[in-house]
Amino acid sequence: MSGAPPTRSDTTFHRSIGVFSGTAINMTQMCGIGPFITIPIMVAAMGGPQAVIGWIAGAILAMADGLVWAELGAAMPGSGGTYVYLREAFQYRTGKLMPFLFIWTMLLAIPLLMSTGIIGMAEYLGFFFPNLGWWPVHLISLAATAVVTWLLYRRIESVRTITIALWVIMLVSVIGTAAAGFSNFNASFAFTYPADAFGGHFFVGLGAGLIIGIYDYLGYNTTAYIGDELRDPGRTMPRSIIISVMAMMVVYLLLNISVLGVAPWQEIAQSKSVASLVVERSWGHLAAAVMTVLIIVTAFASVYTGLLGGSRVPFQAAHDKVFLSVFGRLHEKHGFPHVALITMGVVTAIGTFFDLTDVINMLLTAIIIVQSIAQIVALVTLRKRQPGLARPYRQWLYPVPCVIALLGWIYVYFSASTISLILSGLWIVAGLAVFMVWAKFNRSWPFAPVEIRETYLGKE
């Protein structure tokens, strides 16, 4: 990479993100407010302190899937992440179908993921304003989404600085909550399981728990969406993914054990602001108020970094003429995809009007087929179709991580709620219909022969 900044054009970004800032971006998005709003849900689903097994299972799935992302991202560090991998792998038989379906789904799934952060932030505001009505809560949610979008409306150097600052706040909030829990820790709460903890309903509870667990790990792939902005992507991409997954494994286990040791699991399962409960029980009301503020800022940070990466997805697709051309525009002065950013900000705001559990189930079922499973197939396909592709990182113990990830995602999919399976299925079917119209209008497959463009083959 040249020491001077690259000349700005419609398709270039500043390559300014290294391993440290990339890991910060991933970890901020992974943690966010997730564990602070889902620990009670996990404990209730699993029926006791054995809920920690759900977090371990989520970590295993996240690491296995993270190794899929690491190989693909290091080999093809383009802006757009999965979109790029599906475009390269599936072009041989189905043309642009899979990348089109991916973008179609991400226009829904990424903003829904951001909506969960805003919803959780509004829930924690209840610590200070317990009597907030429906309209005030949602007006606050809309305002928060608008502020996030405004902060992202600038060039990448500013984004990097703000992200690292928010990452530090996230770590303080997580470490502070865990410290409060351990300072008032009761081992009998954390390690005494109900008599039927591992009975016939264990695997049903584990399925529901794994949905929550993997939701809390989502974000380990954020740097894959901004590959064009990574410094030395062959090194930065896999390291940022692997380090962030491993670090958050430790953080989540410590956090959950500390929380479970403060009160009976039945009380934890019913809490709406469990971190505030833990800190208040251990250090008093003032400390709980300070921690609640930090958690709200952490939620804000997760939405911030998520929209940063997510807005690059439709941009790359539009640039490659697989999506609406308006999404391919860059801001004239600062050079970022402003149309995509604003669009996803609007969808995020809409998502805040729905129930948290419904949003989590919907976003997971929407992405599993066209992203998670399809991406595993893409890795295997590219190893066969493009053996000469430069791979700075090759998946450890291949194909074991692929198999683990595939089985894990199938288990999560069929553990989701029926309504989310139906709605996500309908969304994909609608995407297929839209694709057929688009393909006919643009004279693309299946109305024309497939066009093979092995973009990264031969590149070092």
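Any value given below was found using the heavy atoms of this structure, including those in side chains, with hydrogens, waters and symmetry copies removed.
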Exercise. Measure the shortest side-chain to side-chain distance between Asp358 and Met362 over non-hydrogen atoms and say whether it is less than 4.5 angstrom.
Key: no
Exercise. Indicate the atoms forming the closest heavy-atom contact of Ala299 with Ile33, along with that distance.
Key: CB-CB, 3.5 Å
Quiz item: Is Tyr124 close to Ile37 at the side-chain level, that is, under 4.5 Å between some pair of heavy atoms?
Solution: yes
Exercise. Would you check if the side chain of Gln91 reaches a backbone N or O of Arg453 as a donor-acceptor pair within less than 3.5 Å?
Key: yes
Practice problem: Please round to the nearest 0.5 Å and tell me the distance separating atom OG of Ser424 and atom CD1 of Ile369. | Solution: 6.5 Å
Exercise. Decide if the gap between the ring center of Phe353 and the ring center of Trp134 is smaller than 6.0 angstrom.
Key: yes
Quiz item: Quick one: does Arg391's side chain have a donor or acceptor within less than 3.5 Å of a partner on Leu389's backbone?
Solution: yes
Self-check item: Over 12 foreign heavy atoms within 6.0 Å of CE, Met246
Solution: no
Quiz item: Could you state the interatomic distance from CG (Leu61) to CG (Leu406), rounded to the nearest 0.5 Å?
Solution: 10.5 Å
Quiz item: Do Tyr393 side-chain atoms and Leu67 backbone N/O form a donor-acceptor pair below 3.5 Å?
Solution: no
Quiz item: Any idea which heavy atoms bring Gly234 and Ala74 closest together, and the distance?
Solution: O-CB, 4.0 Å
Quiz prompt | Side-chain donor/acceptor of Trp438 to backbone N/O of Ser444, under 3.5 Å | solution = no
Quiz item: Any side-chain heavy atom of Met27 within less than 4.5 Å of one from Leu171?
Solution: yes
Quiz item: Between Trp409 and Ile376, does a side chain to side chain contact (heavy atoms under 4.5 Å, CB included) hold up when you go through it step by step?
Solution: CA-CA 10 Å; Trp409 285 121; Ile376 296 169; 4.2 Å; yes
Quiz item: Can a donor-acceptor pair be found between the side chains of Thr116 and Tyr215 at a distance below 3.5 Å?
Solution: yes
Self-check item: Trp55 side-chain N/O to Leu210 backbone N/O, donor-acceptor pair under 3.5 Å
Solution: no
Exercise. Look at the side chain of Ser115 and the backbone N and O of Thr348, then say whether any donor-acceptor pair between them is shorter than 3.5 Å.
Key: yes
Practice problem: For atom CZ of Phe354, decide whether the heavy atoms of other residues, nucleotides or ligands shown that lie under 6.0 angstrom number more than 12. | Solution: no
Self-check item: Side-chain touch Tyr92/Glu454, heavy atoms, less than 4.5 angstrom
Solution: yes
Quiz item: Testing Ile295, Val293, Leu294 for side chain to side chain contact (heavy atoms under 4.5 Å, CB included) with Ile169, which one passes?
Solution: Leu294
Self-check item: Shortest non-hydrogen contact between Pro446 and Ala439, atoms and distance
Solution: CD-CB, 4.1 Å
Exercise. With the side chain counted from C-beta on, respond yes when Asp216 and Met30 share a heavy-atom pair under 4.5 Å apart, and no when they do not.
Key: no
Quiz item: CZ of Arg239 to OG1 of Thr223: how many Å apart, nearest 0.5 Å?
Solution: 13.5 Å
Quiz item: Does the Asn26 side chain pair with the main chain of Thr222, one donor and one acceptor, at a distance under 3.5 Å?
Solution: yes
Self-check item: Beyond-backbone contact of Phe441 with Val437, side-chain heavy atoms, under 4.5 angstrom
Solution: no
Quiz prompt | Nearest atoms (heavy-atom pairs only) where Phe90 meets Val377 | solution = CZ-CG1, 3.8 Å
Quiz item: Say you draw a straight line from CE of Met344 to CG of Leu307; how long is it, rounded to the nearest 0.5 Å?
Solution: 8.0 Å
Practice problem: Taking all non-hydrogen atoms of both residues into account, name the closest pair between Phe100 and Val322 and its distance. | Solution: CD1-O, 3.4 Å
Quiz item: Do Tyr85 and Gln371 pass the side chain to side chain donor-acceptor pair (under 3.5 Å) test, and can you show the C-alpha distance, the side-chain angles, and the key distance before you say yes or no?
Solution: CA-CA 10 Å; Tyr85 318 147; Gln371 180 180 40; over 6 Å; no
Self-check item: Short side-chain to backbone donor-acceptor contact, Glu71 and Gln395, under 3.5 Å
Solution: yes
Quiz item: Does the distance from a Lys or Arg side-chain N to an Asp or Glu carboxylate O, for Arg385 and Glu88, drop under 4.0 Å?
Solution: no
Practice problem: Look at the side chain of Thr236 and the backbone N and O of Arg231, then say whether any donor-acceptor pair between them is shorter than 3.5 Å. | Solution: yes
Practice problem: Measure the shortest side-chain to side-chain distance between Ile373 and Ile410 over non-hydrogen atoms and say whether it is less than 4.5 angstrom. | Solution: yes
Practice problem: Heavy atoms only: give me the nearest Ser415-Gly207 pair and the separation to one decimal. | Solution: OG-CA, 3.4 Å
Quiz item: Does Ala416 offer a backbone N or O that forms a donor-acceptor pair with the side chain of Ser420 under 3.5 Å?
Solution: no
Quiz item: Just wondering, do Ile211 and Leu364 contact through their side chains at under 4.5 Å, heavy atoms?
Solution: yes
Quiz item: When rounded to the nearest 0.5 angstrom, what is the spacing between CG in Leu125 and OG1 in Thr292?
Solution: 9.5 Å
Self-check item: Test log, rule side chain to side chain contact (heavy atoms under 4.5 Å, CB included), inputs Val84 and Tyr456
Solution: CA-CA 10 Å; Val84 176; Tyr456 292 91; 3.5 Å; yes
Quiz prompt | Intermediate values then yes/no, side chain to side chain contact (heavy atoms under 4.5 Å, CB included), Leu72 and Leu382 | solution = CA-CA 9 Å; Leu72 293 172; Leu382 286 169; 3.9 Å; yes
Quiz prompt | Derivation of the side chain to side chain contact (heavy atoms under 4.5 Å, CB included) call for Tyr217 and Met63 | solution = CA-CA 9 Å; Tyr217 282 99; Met63 178 57 77; over 6 Å; no
Quiz item: Is the cationic atom of Arg329 (NZ for Lys, CZ for Arg) positioned less than 6.0 Å from the six-membered ring centroid of Phe315 and within 45 degrees of its normal?
Solution: no
Quiz prompt | Distance in Å, Lys96 NZ paired with Leu101 CG, rounded so as to fall on 0.5 Å steps | solution = 14.0 Å
